[in-house]
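In the text below, chain A, chain B and the rest are named by the order of the sequence lines, each starting its count at 1. What you are looking at is a predicted structure, and each value in this text was computed from that prediction instead of being measured.
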Number of protein chains: 2
Amino acid sequence: MRRYARPTIKPRKVPVQARSTQLVADIVRAAVRVLEREGPHKFTTVRVAETAGVSVGSLYQYFPNKQSILYRLQADEWSRTSEAIDSILQDEGKPPAARLRAMVRFFFHSECDEAPFRLALDAAAPEYHSAPESRAHRVRGQRIWRRFMESAAPRATPAERAFAAQLVLMTVTALGKQVSEKNLTRAQVTRWADAVSDMLLGALARYGSKRPS
Amino acid sequence: MRRYARPTIKPRKVPVQARSTQLVADIVRAAVRVLEREGPHKFTTVRVAETAGVSVGSLYQYFPNKQSILYRLQADEWSRTSEAIDSILQDEGKPPAARLRAMVRFFFHSECDEAPFRLALDAAAPEYHSAPESRAHRVRGQRIWRRFMESAAPRATPAERAFAAQLVLMTVTALGKQVSEKNLTRAQVTRWADAVSDMLLGALARYGSKRPS
DNA sequence: GTACAATACGAAGGATCCTTCGTGTTCACA
DNA sequence: TGTGAACACGAAGGATCCTTCGTATTGTAC
């Protein structure tokens, strides 16, 4: 797999005074707006700065380049969702199947609610997707799922659980994205989420019981 | 869902003499090369022309703009795979389950074999994804699957079949792409394909038998 | 072999963009 | 109140790119 050039993503300077903290927050908010309203193609440092009501120069004092802004948005997003997902999956009060179902519903709806933003972010993703920082997020996501597997498929071997965790993670994220591109009503989204849950639970049942080849 | 500006994609002029036919073929071949070797970011009309050994002016005589080249590559790809998939799914000699399994294996391997090219093409996709021409391809894909459903879930209602067809189509394409990004050995890819097949067959079994809500 | 159509060429116009850097302003602290 | 650090500004340098168009060449039909 060929990888392409990628510059750093680390912040250039950390805001210390109140006004610069506010400025960075404004930039992030503006970046979301620009991405949603103008699309990835028009996501420009100057446009983001203008929308935020600051100068480009100020922007470049806290973000080393354009990709770092996009990455910041993605990272914030990842933190929010993975936290929510984690807490849903860990809710010991419910059986694993119910937890999975709740999680898929939540994820699908969240994907659909922010569809324009996420789509634009995905379109811009190739510019930061291979950054080491984003690997960390993926690893964290896998850990969450592997832990869930321990209660969902207790009789499976660790290797099986790892595989099943990957399968579930990939299926939910990939299908969530696809569903979010279809402009569905909330009821339809729920229906899709449940269909995917059913499918996954069926697959997990197999891992928990019989010996695979 | 917000859509962004998109110019036409139709060819500007149709080659009639032998040399121009060759020229167009060279451009297409060169476009694939550039996309694979340089990545979507460096996919440039001038670079494509140079790689093809022709001038940019000549390129613009047969392609109205850059997107039309990308679209041409994608359309060729779609034609090839959808034809192959169609014939696999229609093979009346095998039971539906075996056909599905064969199809998923074929598709996953084909995705993995051309991973760098497809990834780059996907990264460039937002520029043509909303074109009406590409809708036609999606519709055609759904038709293929709906027909398959008639033999795979004969007892389901047409509405259920349509839903199941979408589920299968989305799952296979979305997971195929994800698997192709993981740099796996052929054996691992086969294992993934079979796991996905099992999952889908389990889901389809439910559609064929019991009454859903 | 002549004339017209088809084709090929590639320099340059026009449009963005990303990023820097010199200058001016504001804040914190003594 | 004075001083240095933090901060903000935005014009402009530098780098691509997409696309056009006037010119030159090649193919074809008569």
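Using a 4.5 Å heavy-atom cutoff, the side chains of B:S79 and B:H137 are in contact. Using a 4.5 Å heavy-atom threshold, the side chains of B:F108 and B:L175 count as touching.
Put simply, B:Y60 has no side-chain N or O that comes within less than 4.0 Å of OP1 or OP2 on D:dT20. Using a 4.0 Å cut-off, some side-chain N or O of B:S58 falls inside it from OP1 or OP2 of C:dC9. Neither OP1 nor OP2 of D:dA6 sits under 4.0 Å from any side-chain N or O of A:S20. A:T45 has a side-chain polar atom (N or O) that falls below the 4.0 Å cut-off from OP1 or OP2 of C:dC18. In this structure, B:T44 reaches the D:dC18 phosphate: one of its side-chain N or O atoms is under 4.0 Å from OP1 or OP2.
In this entry the distance linking CG of A:L59 with C1' of C:dT20 reads 13 Å, nearest Å. If you measure from atom NE2 of A:H41 to atom P of C:dT16, you get 9 Å, rounded to the nearest angstrom. Look at CZ on B:R47: it is 15 Å from P on D:dT19, rounded to the nearest Å. A straight line from OH of A:Y62 to P of C:dT19 spans 18 Å, rounded to a whole angstrom. Put simply, NZ on A:K66 is 8 Å from C1' on C:dC17, counting in whole angstrom units. When the P atom of D:dA6 is taken as reference, atom NZ of A:K13 falls 7 Å away, rounded to whole Å. Protein atom CZ of A:F63 is 15 Å distant from nucleotide atom P of C:dT20, rounded to whole Å. Spacing between atom CD of A:E50 and atom P of C:dT16 amounts to 13 Å, rounded to whole angstrom units.
Toward the 5' end of DNA chain D, the nearer of the two residues A:G57 and B:K42, judged by each one's closest nucleotide, is A:G57. Residues B:T21 and B:V46 both approach DNA chain C. Their nearest nucleotides, taken by heavy-atom distance, put B:T21 toward the 5′ side.
When each of A:V24, A:T45, A:L70 is tested with A:F63 by the rule side chain to side chain contact (heavy atoms under 4.5 Å, CB included), just one qualifies, namely A:V24.
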With sugar-phosphate taken as primed atoms, P, OP1 and OP2 and all else as base, the protein-contact string of nucleotides 22-30 of chain D at under 4.0 Å (heavy atoms; B, S, -) is ----BS---
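Pairs engaging residues 68-80 of chain A under the salt bridge (Lys or Arg N to Asp or Glu O under 4.0 Å) rule: A:R72-A:D76, A:E77-A:R80, A:E77-A:R118 [sequence neighbours left out].
Comparing D:dC9, C:dT19, D:dT19 by their nearest atom to the side chain of A:N65 picks out C:dT19.
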* salt bridge (charged side-chain N to carboxylate O under 4.0 Å, His left out) between A:R19 and A:D26, worked out -> CA-CA 10 Å; A:R19 55 180 168 157; A:D26 287 346; over 6 Å; no
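A donor-acceptor pair is defined here as one N or O able to donate and one able to accept, closer than 3.5 Å; no such pair exists between the side chain of A:R105 and the backbone of A:A193.
Counting non-hydrogen atoms under 4.0 angstrom, B:V16 reaches the backbone sugars and phosphates but no base.
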Please tabulate, for side-chain N and O atoms in residues 46-54 of chain B, each donor-acceptor pair with protein atoms closer than 3.5 Å (sequence neighbours left out).
{"unit_1": "B:R47", "atom_1": "NE", "unit_2": "B:K42", "atom_2": "O", "d": "2.8"}
{"unit_1": "B:T51", "atom_1": "OG1", "unit_2": "B:R47", "atom_2": "O", "d": "2.7"}

